[in-house]
Each structure stands twice: as structure tokens, then as C-alpha cells.
Amino acid sequence: MIDIRLLRDDPVGVRASLVRRGVSESQVDELIETDQSFRESVLARDEARAELNLLSKSVEAAYKSKDIEKAGELRAQAKELGDRLSGLEEACTSVENKRREQLLYIPNIPDDHVPDGASDQDNVPIRYWHKDLGEVLPQEFVLPEFADSTRVPHWEIGTELGILDLERATKLSGAMFPMFRGPGSRMIRALTAFALDIHGDESTGHPYEEVRPPTMVRTETMVSTGHLPKFADDAYHLERDSLWAIPTAEVPLTSMYRDEIVEESFLPKRLTAFTACFRREAGSAGRDTRGLLRLHEFDKVEILAYATADQAQELHQELLAKAEELLRLLGITYRVVDLCTGDLGNSSKRTFDLEAYSPGTDKWLEVSSVSWFGDYQARRANLRYRKADGSGVEYCHTLNGSALAWARIWAILVEIGRQQDGSVVLPQVLAPYLGGKTTIDAKTSRLV
RNA sequence: GGAGGGAUGGCAGAGCGGACGAAUGCGAAGCACUUGAAAUGCUUUGGGCCAAAAGCCCCGUGGGUUCAAAUCCCACUCCCUCCGCCA
């Protein structure tokens with residue numbers, strides 16, 4: 001959540017920033033009002049409490065001096081004050097809860113650099129990359145030719161080779177649950193090992209610690225990252241056990257140090273995790289239903305960092321570079337997009353998306369989203385660090401990005417690797433993870 | 001699933017109605033002593049609300065009793081041990 005003090009100190013500025021990303025003025029004003037009455041009732045309550053504490057002390061003193069009569073008198077007085085206090089206390093908690101509730105629904109304040117915009121149409125491409133062209137500025141980029149053999153959608157290729165079995169997956173779980181088979185399944189395993197090895201590489205000097213977190217989490221864990229309470233409809237909920245299926249490894253990784261105060265020297269802390277991710281996709285029924293474009297369950301490797309405010313921006317670039325590195329190694333054409341205020345995620349301060357080109361569908365697919373959350377999530381998670389100079393305790397900054405989401409990568413690899421004869425050639429970097437064989441044979445559907 | 005035990009500061013651990021935001025030990029920081037270190041001694045060392053001195057809150061969470069609760073009562077949550085079941 002946002003820092004309520006910011007809102008107090010600069011209501012006009014904060015309101016303007018939030019309106020920029022689609023929050024209504026009235027929602028902000030309501031919060032300001034609630035906060036004001038909260039502070040008033042806290043003051044009233046504390047004054048009454050102070051008085052009562054004093055009275056209690058004098059009761060004790062009266063008893064000690066054996067003045068039973070006076071003690072009785074004071075007790076009656078205190079009793080009366082106590083009754084008044086409980087009313088004030090009740091009022092106080094109720095406003096406080098109201099304030100917290102309102103606060104939980106207010107999205108993060110976007111960074112000043114975030115471009116204005118209403119929807120994903122207004123996102124700003126920053127650069128393109130293609131294996132033969134290298135980095136290219138947006139205005140200079142022209143999409144190179146893709147061979148006809150690659151202009152086949154991945155679901156057709158997958159079915160043809162028997163490495164994707166969506167029909168039977170539907171039998172098991174319903175639409176939008178994928179099932180990979182044979183080399184198709186092994187590709188996911190190879191990609192995962194490949195990515196984790198790169199993230200965990202010690203020789204970089206800043207390896208990411210590999211974590212295998214739980215996939216089902218408590219409600220508080222989902223609240224910390226901002227996925228609850230606002231977006232409950234998007235998540236799978238196991239009511240009987242009060243657990244939620246994680247939509248991304250960001251959820252458990254961010255809460256790992258929830259309610260803790262770490263030392264400044266601990267930061268920046270880099271983590272990486274492979275998990276399945278579950279999304280109900282409640283608002284998108286009927287869209288992108290074919291193939292692997294939109295799924296209820298998919299595998300993803302996530303990278304995440306905790307940082308101080310000073311380190312955050314640099315870490316953001318580092319995470320982005322990490323995700324880009326994988327795409328480059330895989331030879332996938334992509335662009336980096338600076339998300340506009342209208343498309344920015346609720347908890348995010350700034351986000352870069354990586355969109356990879358799928359020749360089979362002629363679409364740019366979001367395969368990674370790299371976000372800087374400022375202290376928004378850390379406030380929700382009560383995740384802080386003790387400053388090295390001893391000057392106190394501060395909220396951490398959190399950042400994370402996908403690197404990468406495999407379903408869409410799988411789709412693109414299958415499309416760009418497709419040859420005239422229908423076989424699929426996979427990137428050489430995966431060879432060590434595929435038993436040295438990188439071609440899926442058209443006839444036998446086996447790796448050769 | 002059954003039975004028991006527990007939840008206190010960075011850790012260990014006392015306190016079991018008022019003098020307790022909390023003994024003691026360990027750890028950490030500073031200072032002194034020392035050529036330096038060790039040892040020793042002294043001092044400091046939780047978080048939050050508030051613009052803030054003051055004031056107020058926090059001993060798992062929520063409620064209750066009381067003038068007064070870490071301490072008594074109730075509920076919940078979590079953790080541990082044993083038994084059962086099990087990948």
C-alpha cells in the first residue's frame with residue numbers, strides 16, 4: 001500500500017498521480033477523509049486512556065496508603081471513564097479498519113517516468129531485438145522475413161508432432177489447461193534447467209538463489225503482493241483449506257521475509273524460483289482460447305529482488321537484462337515495452353514488458369513482465385530493513401520479473417524452429433538439457 | 001485423523017494481577033585498558049501511532065473479567081512431540 005503520510009503531506013500531488021492511472025478522485029478523497037477522522041479518534045482515545053492510566057495509579061496509591069474509602073471513590077470514577085473509553089476504542093478500531101480496507105484498494109503511485117496512457121495501445125516500445133539485427137530502435141525496426149514454414153500456429157505444429165495434447169488435457173481439466181508430451185514435455189524441463197542455471201550462475205558475481213516454494217499459500221500471502229483483496233476473482237481458491245493457488249512465484253517469494261526486519265547488508269537479495277502458475281482468467285472468457293496463448297496453468301521461472309530504495313532502479317534494469325538475456329540466447333525476436341499508466345499492474349511503480357514475436361500467429365506475445373514495486377508490497381508484507389548507519393528501519397523495495405513464462409516461449413520456439421519438412425529445430429543452448437539432440441523429427445516425433 | 005505440550009525482545013529464557021516494554025544469559029555496537037588482539041570493565045542495544053516534547057499502543061490473534069492484564073477466563077491461529085495414515 002501507499003504511504004499514508006505522502007498522501008497527507010501532498011494530497012494534490014498524490015491524487016494527481018493516482019488519477020493518472022485511472023483511480024477516481026473521489027476514492028482518494030474518501031481515504032483522506034477517513035484518515036482524518038482516524039487521527040481524530042486516535043487522539044481522543046489516547047487522551048482518555050492516559051487519564052485512565054493515571055486514575056489507576058491513584059487507586060493503587062490509595063490502597064497502599066490504606067485509604068479504602070478514597071480508593072473506592074476513585075475506582076467508581078475510573079469505572080465510569082473506562083466505559084466511556086470503550087466507546088472511543090470501538091470507534092477507533094472501526095475507522096482504522098475502514099482506513100486499512102480503503103488503503104488496500106488504492107494502487108501504487110506510478111513513477112514519474114511512466115508514460116501516460118489509457119490501455120496497452122499506449123505502451124511505449126523502447127527497443128527491438130532480432131538475432132540477425134541485434135538491438136534496434138523502435139523507429140528503425142522492420143520485422144524481418146519469417147520463412148513460410150514458420151507461419152504455422154504452434155497448436156497445429158504441436159498436434160502434428162504429438163508433442164502437445166490439448167484435447168486430452170481438456171478431458172482432464174477443461175479448456176486452457178495444457179498438456180505437453182514427449183519432446184514437448186522435455187522442452188519445458190530443459191528450459192527450466194537452462195534458465196535456473198543462468199540465474200544461479202556464480203560467475204556473474206550476483207547469483208540468484210534458487211528456491212522451490214509452495215504453490216498454495218495463505219490469504220495473507222496473497223494480500224502482501226497485492227493480489228488480494230481486489231483481485232480475488234482472478235485466483236483459484238481452495239475454500240475448504242483457506243488456501244490460494246499462486247498466480248506467480250512472486251507471491252511466495254515476496255512473502256518469504258514477511259514481518260521481518262533484515263539487515264541492510266542483506267540487500268540486495270536476489271531469488272529465483274520455478275513454479276506452476278494458476279490464473280482463472282475470469283475477465284477474459286473467449287479471448288485467445290486457442291493453443292497456449294492464455295492458460296489457467298502454466299510453468300514459469302521467476303526472478304525477484306529485495307532492495308533498498310537506492311538500489312531499486314539499478315536492480316530493475318538488471319532483472320530486465322536477465323530476462324532479455326534468455327530471449328537472446330534462445331534466438332527469439334522481441335521488443336521491450338514501457339507500460340503506460342493505464343496498463344500498469346496495481347502494485348507496480350514501473351513495469352517493462354517483454355513481448356516476443358510469434359510468426360505462427362503473427363502476434364507479439366507477452367512473455368515477461370519486469371516490475372518495480374517501490375515499497376508498496378513491502379508495506380503490505382511488513383518487510384523492512386535496518387539501516388547500516390543505525391538511523392532506523394525502512395521498508396524494502398521489491399522487484400520481480402518472469403524469466404521466463406514457458407508456455408508462450410514453447411509456442412514460439414516450435415514455430416520459429418519449424419523446417420520445410422515439418423521437423424522442429426530447437427536452440428543450441430538447450431542441447432545440454434536435451435541429451436545433445438535439438439531436432440524434433442517430423443516422422444518419428446522424437447529428438448534426433 | 002487421535003493424544004499431549006507450547007507461543008515473551010536478534011537468540012535463549014524468567015516473569016503468572018499494580019513497581020514490566022519486560023530480569024538474566026548469549027549475541028551486537030560504542031568507550032576504556034592494551035603496541036594490537038584476547039580477556040576484563042563501563043555504556044548502549046525492539047517496533048509502531050503522532051509534526052512532535054508529552055501522551056498512547058504492542059509479551060501469537062481476537063474477545064472477556066478488573067480501577068488496573070504478559071500475568072486470570074474464553075475462542076481462534078500457528079508451532080512442536082507422540083501415535084495412526086501416507087508420496
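Chain letters run A, B, ... following the sequence lines, proteins first, then strands; residues in each count from 1. Owing to the predicted nature of the structure, the values given are computational and were not obtained by experimental measurement.
- On the C1' atoms, B:C78 is 39 Å away from B:G30, given to the nearest whole Å.
- Comparing the C1' positions of B:A69 and B:G64 gives an interatomic distance of 12 Å, to the nearest angstrom.
- Spacing between B:A12 and B:A23 at atom C1', rounded to whole Å, works out to 14 Å.
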Using a cut-off of under 3.5 Å, enumerate the N/O to N/O pairs linking the protein to nucleotides 51-55 of chain B.
| unit_1 | atom_1 | unit_2 | atom_2 | d |
| --- | --- | --- | --- | --- |
| B:A51 | OP1 | A:Arg39 | NH2 | 2.3 |
| B:A51 | OP2 | A:Arg8 | NH1 | 3.0 |
| B:G55 | N2 | A:Asp46 | OD2 | 3.3 |

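- Between the CD atom of A:Glu96 and the P atom of B:C50 there is a distance of 10 Å, rounded to whole Å.
- Each of A:Ile261 and A:Arg75 has a nearest nucleotide on RNA chain B; the 5'-most of these lies closest to A:Ile261.
- Residue A:Arg45 places no side-chain N or O under 4.0 Å from the OP1 or OP2 atom of B:C57.
- Taking both residues in full, the closest heavy atoms of A:Arg100 and A:Met1 are given as NH1-CE, 3.3 Å, listed atom of the first, atom of the second, then distance.
- We find that A:Arg99 and A:Asp35 are joined by a salt bridge, their nearest charged nitrogen and carboxylate oxygen being less than 4.0 Å apart.
- Protein atom CG of A:Leu85 is 14 Å distant from nucleotide atom C1' of B:U66, rounded to whole Å.
- For the P atoms, the distance from B:U8 to B:C80 is 14 Å, rounded to whole Å.
- Here B:A3 sits opposite B:U81 as a Watson-Crick or G-U wobble pair (both hydrogen-bonding atom distances under 3.5 Å).
- When Watson-Crick and G-U wobble pairs are counted only if both distances are under 3.5 Å, B:C86 pairs with no nucleotide at all.
- Take the nearest nucleotide of RNA chain B for A:Arg384 and for A:Ala76: the residue whose nucleotide is more 5' is A:Arg384.
- A straight line from CZ of A:Arg100 to P of B:C49 spans 14 Å, rounded to a whole angstrom.
- In this structure B:C33 sits in no base pair that meets the Watson-Crick or G-U test at under 3.5 Å.
- Across all strands shown, B:U24 is found opposite B:A12 as a Watson-Crick or G-U wobble partner, with both distances under 3.5 Å.
- Using Watson-Crick or G-U wobble geometry with both donor-acceptor distances under 3.5 Å, B:U66 finds no partner in any strand shown.
- Ring geometry for A:His199 against A:Tyr208 counts as tilted: the plane angle lies between 30° and 60°, on a 0 to 90° scale.
- Between B:A28 and A:Arg386, no contact under 4.0 Å exists linking OP1 or OP2 to a side-chain N or O.
- Two residues are said to be in side-chain contact when any heavy atoms from C-beta on lie closer than 4.5 Å; A:Ser402 and A:Val301 fail this criterion.
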Quick test: give all pairs of protein nitrogen or oxygen and nucleotides 18-21 of chain B nitrogen or oxygen below 3.5 Å, distance rounded to 0.1 Å.
| unit_1 | atom_1 | unit_2 | atom_2 | d |
| --- | --- | --- | --- | --- |
| B:G18 | O2' | A:Glu60 | OE1 | 3.0 |
| B:G18 | O2' | A:Glu60 | OE2 | 2.8 |
| B:G18 | N2 | A:Ser56 | O | 3.2 |

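- Remark: B:C49 base-pairs with B:G55. Criterion, Watson-Crick or G-U wobble with two distances under 3.5 Å.
- Summarising the geometry, the separation between CZ on A:Arg49 and P on B:C67 is reported as 17 Å, rounded to the nearest angstrom.
- Ring geometry, A:His316 versus A:Trp372: the interplanar angle falls from 30° to 60°, so the pair is classed tilted.
- In terms of heavy atoms, A:Asp201 sits closest to A:Pro207 at O-CB, 3.6 Å.
- If you take CD of A:Glu220 and C1' of B:U61, they are 11 Å apart, rounded to a whole angstrom.
- A:Asn382 places its CG atom 14 Å from the C1' atom of B:C49, with the value rounded to the nearest Å.
- For the pair A:Arg379 and A:Asp3, the salt-bridge criterion is met [side-chain N within less than 4.0 Å of a carboxylate O].
- Distance CD (A:Glu90) to C1' (B:G62): 14 Å, rounded to an integer number of Å.
- Going from the P atom of B:C58 to that of B:G9 covers 15 Å, rounded to whole Å.
- Side chains of A:Arg8 and A:Gln36 form no contact here, defined as non-hydrogen atoms less than 4.5 Å apart.
- Taking the six-membered ring for Trp and thresholds of 30 and 60 degrees, A:His154 and A:Trp410 have ring planes more than 60 degrees apart, a perpendicular arrangement.
- Comparing the P positions of B:G15 and B:C82 gives an interatomic distance of 27 Å, to the nearest angstrom.
- Using the six-membered ring where Trp is involved, A:Phe177 and A:His296 have ring planes that are tilted, between 30° and 60° apart.
- Taking the C1' atoms as reference points, B:C56 lies 9 Å from B:C50, given to the whole Å.
- The two residues A:Arg168 and A:Asp165 come nearest to each other via the heavy atoms NH1-OD2, 2.9 Å.
- With both pairing distances under 3.5 Å, B:A75 is matched to B:U61 as a Watson-Crick or G-U wobble pair.
- Taking atom CG of residue A:Asp3 and atom P of nucleotide B:G48, one finds them 12 Å apart after rounding to whole Å.
- Nucleotides B:A7 and B:U43 have their C1' atoms positioned 33 Å apart, rounded to a whole Å.
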